[in-house]
Amino acid sequence: MTVPSPTPPPPDYPAYDPAAVERRWQGHWRDHGTNQTDLAGATKPFYALMMFPYPSAEGLHVGNLFAFTGNDIYGRFHRMRGHDVFEPFGYDAFGIHSENFAIKVGVHPMELIPRNVANFQRQVERAGLMVDWRQAVNTTDPAYYKWTQWVFLQLYRRGLAFKKEAAVNWCPSCKTVLANEQVEHGHCERCGTAVELRQLAQWFFRISDYAERLLDNLATLDWSETTRTAQRNWIGRSEGAELVFSVTDMQADAGSAGVAVTTEMAIEEDRIRVFTTRPDTVFGATFLVLAPEHSMIDAITTLEQRAAVDAYRDQARKQDLVTRKTEREKTGVFTGAYAVNPATEQLVPVWVADYVLMEYGTGAIMAVPGHDQRDFEFARTFDLPVVRVVVREGEHAAAPVGDAAIVDTDGGRVCNSGRFDGLAVGEAKREVTAWLHGRGTGRPVVNFRLHDWCISRQRYWGPPIPIIYCDACGAQPVPEQDLPVTLPNIADFKPDDSGVSPLARHAEWFHVPCPECGRPGRRETDVSDTFLDSAWYFLRYPSATRADLAFDKAMTAKWLPVTSYIGGNEHAVLHLLYSRFITMVFKDAGLIDFEEPFTRFRAHGTIIREGAKMSKSKGNVVNPDAYFDEWGADAFRTYLMFLGPYEEGGDFRDRGISGVKRFLDRLWSSVHECTRDGTPDEGVMRKLHATIKKVGDDTPALAYNTAIAAMMEYMNALRSGERTVHRAEVEPLVQLVAPYAPHIAEALWERLGHGTSVFDGGWPAYDASRLAGDTWECVVQVQGKTRGKVTLATGASQEAAVAAAMAEPSIAKFVTGPAKKVIYVPGRLLNLVV
RNA sequence: GCGGACGUGGCGGAAUUGGCAGACGCGCGGGACUUAGGAUCCCGUACUUCACGGUGUGGGGGUUCGAGUCCCCCCGUCCGCACCA
């Protein structure tokens, strides 16, 4: 087919100039309040939340823009579908990031942050996000952190905030305490320095009280499965039993291992509690192991062993988490003490070893070397007895365990366990626990990995924890009317290695009267974790302009829980878990009437560039401003969404953006050149309806890349052979494009004669009856191999289909005999089996 | 070690969930219009074969009329967690 290509007449309309279009419409939106949500009057509230960014000095990162754009498309789409969409924006600007950077460049964070925020806001506006700036929040604003402190007081009042001395992770480089979850493989998550242990008094939130609820509710949430799995693993529920091993009078019985004693001989105070998920193996527990930090060690250690035990504990204390957690060689020391195995009533030695962790369970274990690999290794190292208590199919109870613990015991049966012999492992767990329970030496227990949330930071750049210490009254909460406890603007905000916040060096701030008795008191100098700032910000947005309360009850009831939350999977565990926790506490306190903050959560993917992660050191960071300048925000947004599935991310390649820009150019031309004369083409209109359906289905599913592909495909059909475009063919396309490329859509919508925003013009409907034509292409297979296709009338019978296929010589030649079987799937294919 | 995701042209990626593998875009090749083209438009582009055809979704096996998709084994990549009792 030869397509005539007449010389086109010079266009009588302006060329597409993204810079001009975008400047004009951003101004228009600002002047007309297009992006403002009528929070009080909304009838169909739709809270489209994205994770707020840390406003770095480098400005908006493409990763940020990728995340925001995806949320913006989602929000704009739902607005067009008739919802009152609220898309707020804010800044998570406290914390170690800002502080370290401020120290590095020698500018005070109080100067630096407003500068960064202004730059961020400029870029976000350039990107064309549908943000209602009236509701913006900034966690470093006293008007915001006043309420962060108020949140602390709510937890304090309910007994959920408490102070305890604990071994904490200390980063010698950042000079601060890190939460366990901020330590990655024993190194500081921020700077990579090896973490040490220090003992400090810290403020904690009792999130572990909520473990079961946080776990159970996961089943009810519309969240990415990966995120829910990550939370489930983090909470780490395990069912088992707590068993009691009583320590005997070690002086009298020293060295008498293997001698049966009765539990009455035990000293009441010296009961070692262990947690185990394998109570069925208690008959095989041949020794106990305590964590080096275990509080009973001093009491039970014999004189002869004291020196060795002290030395071992000292060494463990000095060891940083890195070596302690990566060094897998089993080390340990005997305490000289013995305890009674509650099942066998035999004496078993009590050891101390660092492979037992104080922070999990009870800090003590019963070692079953026959069926636990770690215990097995320990037993081999120190020549301790190994007993088999489980047999699997074909194994003998008397057979020794061998070179490794027998761990895979799912189908096994208990042996060498007295009256329980022969029970299946699962049964034995219940039976043994019940038996020991009856004897007062055990009980079923559910244990969680989740530990309490340490919110203390010995730093400057955060909200001061609102507590005042008084020698007479103890720790007193700052009265609510005295909030905020303002962070003073001090010049020397650098942490030192004293382990105390720089705030302590400022007498005029530090000394304050006790709110209870009025006598001199001292302020708490710790500031709170940034995760606390972000654990409640979604509650603040709808009430951001209210100075008199943290969040308005009616407004909150109207807008929350959040309809849709989009953010990075790096916050899959901590931020989302903490937010859920705070929400539950507020529910329990009667402050709100829901307990899960985010009805729907989707994690976006990450953008890499030319196959590698973007980083300053690689020099492959994309500066959005350069792309806004060269291609326009619309093309840049659309390109980011086109490069891969939104939930997986994609590979940013500079050259790829031209295809998207060309698409927008062609859209621009098509609208400007379209005609009202005549009637739209039937085939094109059918394709249009299919495209409306596709884009309308894909967009809310975050399948942005395929939605864009569908629009491009339609564009190809629309302009195929340089045909003249009919207005009815292109007008709905402007609406489909609008969430992706909002500026050009507004401009073209106006060009088409509309006086109001395209975002208030609804979403085009498709006519399902127009999706299918009168005929369809039937793929014909012979023996499952495609041999051709025939055009069939819609609703054609199987007989008609076979007849049509056999009429094609190119198909019929493969049919060597009578069809044994015919598979006919109307609308799809015909398969002849001969 | 445990858990999760994944593996498709030269590249980014599609595939209605078992039904024409490679949509869409980049790149590349050819052509039109051009003084010119890094503009625009049209055509082509998995491999192989003159062709008929054959072969192809990391590798091997299986289920099925039919497998990128489901099952088993293996290899590889990425991401969590990591002595959690």
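In the text below, chain A, chain B and the rest are named by the order of the sequence lines, each starting its count at 1. Below, all heavy atoms of this structure are taken into account, side chains as well, without hydrogens, waters or symmetry copies. Here the structure is a predicted model, which means the values were calculated and not measured.
- Consecutive Watson-Crick or G-U pairs involving RNA chain B, each under 3.5 Å on both distances, make up stems of three or more pairs at B:1-7 with B:75-81, B:10-12 with B:24-26, B:27-32 with B:40-45, B:46-48 with B:53-55, B:58-62 with B:70-74.
- In this structure, Asn716(A) reaches the sugar-phosphate backbone alone: every heavy-atom distance under 4.0 Å involves primed, P, OP1 or OP2 atoms, never a base.
- Between Phe663(A) and Tyr740(A), a ring centre-to-centre spacing not shorter than 6.0 Å is recorded.
- Rounded to a whole Å, the CH2 atom of Trp631(A) is 14 Å from the P atom of G38(B).
- Contact annotation for Arg232(A): no contact, since no heavy-atom pair falls under 4.0 Å across all strands.
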Intermediate values then yes/no, side chain to side chain donor-acceptor pair (under 3.5 Å), Ser238(A) and Asn447(A) = CA-CA 5 Å; Ser238(A) 57; Asn447(A) 203 35; 5.1 Å; no
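- In the interface, the side chain of Arg828(A) is paired with the base of U16(B) through a donor and an acceptor atom under 3.5 Å apart.
- Partners of Arg723(A) according to the salt bridge (charged side-chain N to carboxylate O under 4.0 Å, His left out) rule, which considers only residues two or more places apart in sequence or in another chain, are Glu729(A).
- Distance noted for atom P between G3(B) and U8(B): 25 Å (whole Å).
- The nucleotide whose nearest atom lies closest to any side-chain atom of Ser238(A) is, among A85(B), C20(B), G25(B), A85(B).
- Residue-level contact check: Lys820(A) touches neither bases nor backbone, having no heavy atom under 4.0 Å from any strand.
- Side-chain atoms of Phe531(A) and Trp453(A), non-hydrogen and from C-beta on, do get closer than 4.5 Å to each other.
- G60(B) and C6(B) have their P atoms separated by 22 Å, with the value rounded to a whole Å.
- Residues passing the salt bridge (charged side-chain N to carboxylate O under 4.0 Å, His left out) test with Glu239(A) are Arg237(A), sequence neighbours excluded.
- Comparing G80(B) with U45(B), their C1' atoms sit 41 Å apart, to the nearest whole Å.
- Glu713(A) comes within 4.0 angstrom of sugar-phosphate atoms only, judged by non-hydrogen atoms across all strands, and of no base.
- Mapping Thr362(A) and Val573(A) onto RNA chain B by nearest heavy atom places Val573(A) at the nucleotide closer to the 5' end.
- Annotation: G29(B) and G19(B) have their P atoms spaced 37 Å apart (nearest Å).
- One can place CG of Asp375(A) at 12 Å from P of A85(B), the figure rounded to the nearest angstrom.
- Put simply, the side chain of Val780(A) does not reach to within 4.5 Å of the side chain of Glu808(A), judged on heavy atoms.
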Its contact letters, B for base, S for sugar-phosphate only and - for none at protein heavy atoms under 4.0 Å, make nucleotides 2-14 of chain B read -SS------SBSS
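- Electrostatic pairing of Glu713(A) and Lys687(A) counts as a salt bridge here, judged by a charged N lying under 4.0 Å from a carboxylate O.
- Distance Leu829(A) CG to U16(B) P: 14 Å, rounded to the nearest Å.
- Listed nucleotides: G54(B), G25(B), C20(B). Nearest to the side chain of Arg787(A): G54(B).
- Scored by the salt bridge (charged side-chain N to carboxylate O under 4.0 Å, His left out) test, Arg273(A) finds Glu242(A) as partners (sequence neighbours excluded).
- Looking at Gln373(A), its side chain has no donor and acceptor atom pair within 3.5 Å of the base of G1(B).
- Within the 4.0 Å cut-off from OP1 or OP2 of C41(B), at least one side-chain nitrogen or oxygen of Arg666(A) is found.
- Between Lys789(A) atom NZ and G19(B) atom P there is a gap of 16 Å when expressed in whole angstrom units.
- Distances were taken from every side-chain heavy atom of Asn831(A) (C-beta onward) to each of G66(B), A85(B), G53(B); the shortest belongs to G66(B).
- Closest contact between the side chain of Lys821(A) and the listed nucleotides U55(B), C65(B), A85(B) involves C65(B).
- Counting only heavy atoms from C-beta on, Val356(A) has its side chain closest to A85(B) among C83(B), A85(B), C52(B).
- Salt bridge Glu377(A)/Arg380(A): absent, no basic N to carboxylate O contact under 4.0 Å.
- Nucleic acid contact for Val779(A): base, since at least one base atom lies under 4.0 Å from a heavy atom of the residue.
- As a whole-Å value, the separation of Asp698(A) CG from A23(B) C1' is 12 Å.
- With sequence neighbours excluded, the residues that form a side chain to side chain contact (heavy atoms under 4.5 Å, CB included) with Glu647(A) are Ser224(A), Arg602(A), Leu702(A).
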